[in-house]
A.B. asks: 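Before I ask anything, let me first share the structure, which is written out below as structure tokens.
Heads up: numbering here begins at 1 and tracks the sequence. Both ligands and their constituent atoms are indexed starting at 1 by order of listing.
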Amino acid sequence: MLKGRLVKGIGGFYYVDVDSDIFECKARGIFRQMKITPLVGDYVEISVLDKEKRIGVLENIMKRKTELIRPSVANVDQAVIVFAVTHPKPNILLLDRLLVLAEKEELDILICLNKMDLVEESKEYKTILDIYYNSGYKILLTNYKDDNSILQLNEMLINKTNVFAGPSGVGKSTLLNKIHPGLKLETGSISMKTARGKHTTRHAELISIGKNSWVVDTPGFSSLNLDPIEEEELPYLFPEFISYLEKCKYSSCEHIDEPNCAIKEALKSGNISESRYSSYLQFVEEIRKRRRY
Ligand code: GDP
Ligand code: ZN
């Protein structure tokens, strides 16, 4: 048996990368009987039917570490959340939403602030750096014409399976094309998101960008609702809140208007930023609304 990575699935065929050779495989019937659907990103074992033609049978699926829903990909390690310093103007609530969703999936997170060549035009740049350095996030500044920044980005993707996320127009496809010129993702008007087309159901694929290093070719978190998140766990998805959570007077503290709330105190002393707290409130409200329906 050979060990490999499932990189693509189309019409009942699974394509498995074994040391850069791609084997076309059918799955054993047992998977269907057990209602197990092999997922792009699965680490698998295959038996070889025809070595020359690279045809095999998918025999085993290793236990999944993570499982993203949209796009449906297993074993993603890191979310690279891309925003532009301007064009489009950064939307902090959207950034916090992506961060919370990525935290929920227990992914490593890298914030990539792109279009640094336009930083002079950005009103939000300094504020964003302040807020997110303070929250403990890794932030990388990039500009697609600056090879050094692309190298740095590349380095942060090594030995990981990465999914890029972020609003359309921020430069996700451009950055990926720079990292892996063979990729030829369309940029500009038809970019990562829209290129999928409305009528064809295209599934995500994994693209190898080096040994043990992968990117998902479809942006992550295409569904931005907070359905997978419960109110009780929300504060834990803001990493800079965590050290305060045990210090609130009431163990049931919701950090909204209870007395002696450590989160509110950290907010007053500036250890938690207004903007992150206000996203927290907004998300609490959203989750509560969901419950009422
Ligand atoms: P996506 O929707 O996130 O995949 O964004 P694209 O990669 O399609 O990029 C949208 C537009 O931004 C394209 O016209 C790119 O040429 C441009 N762009 C991407 N990166 C940069 C950058 O670092 N600086 C500037 N000035 N423009 C960029
Ligand atoms: Zn509290």
A.B. asks: Would you mind listing which atoms of ligand 1 come within a distance below 4.0 Å of any non-hydrogen atom of S168?
C.D. replies: 2 (O)
A.B. asks: Could you check which of K145, E121, K115, K172 puts a non-hydrogen atom nearest to atom 11 (C) of ligand 1?
C.D. replies: K115
A.B. asks: Angle at the Zn ion (ligand 2), SG of C261 to SG of C248, rounded to 10 degrees, please.
C.D. replies: 110°
A.B. asks: Which heavy-atom pair separates V73 from V216 by the least distance, and what is that distance?
C.D. replies: CG2-CG1, 3.9 Å
A.B. asks: Can you figure out which of D146, D117, T86 has its heavy atom closest to atom 24 (N) of ligand 1?
C.D. replies: D117
A.B. asks: Nearest 0.5 Å, please: how far is OH in Y43 from OG1 in T161?
C.D. replies: 4.0 Å
A.B. asks: Under a plain distance cut-off of 3.5 Å, with no hydrogens placed, do E59 and S47 share a side-chain donor-acceptor pair?
C.D. replies: yes
A.B. asks: Does T174, backbone or side chain, put an N or O under 3.5 Å from an N or O of ligand 1?
C.D. replies: yes
A.B. asks: Which atom name does H255 have for its N/O/S atom nearest to the Zn ion (ligand 2)?
C.D. replies: ND1
A.B. asks: Record the part of N143 in heavy-atom contact with ligand 1 below 4.0 Å; permitted values are side chain, backbone, both and neither.
C.D. replies: both
A.B. asks: Same cluster for M1 and V57 if Ile/Leu/Val/Met/Phe/Trp/Tyr side chains link at under 4.5 Å?
C.D. replies: no
A.B. asks: Heavy-atom pairs closer than 4.0 Å: do any link ligand 1 to the side chain of V170, the backbone, both, or neither?
C.D. replies: both
A.B. asks: Only one of N162, D108, N159 clears side-chain hydrogen bond (donor to acceptor under 3.5 Å, both in side chains) with Q78; which?
C.D. replies: N162
A.B. asks: Please state which part of L118 comes within less than 4.0 Å of ligand 1, counting heavy atoms only: side chain, backbone, both or neither.
C.D. replies: side chain
A.B. asks: Restricting to non-hydrogen atoms, name the atom on D77 and the atom on K65 that form the minimum distance, rounded to 0.1 Å.
C.D. replies: OD1-NZ, 2.7 Å
A.B. asks: Rounded to the nearest 0.5 Å, how far does CZ of R5 lie from CE of M62?
C.D. replies: 12.5 Å
A.B. asks: Are any of the N or O atoms of M116 closer than 3.5 Å to those of ligand 1?
C.D. replies: no
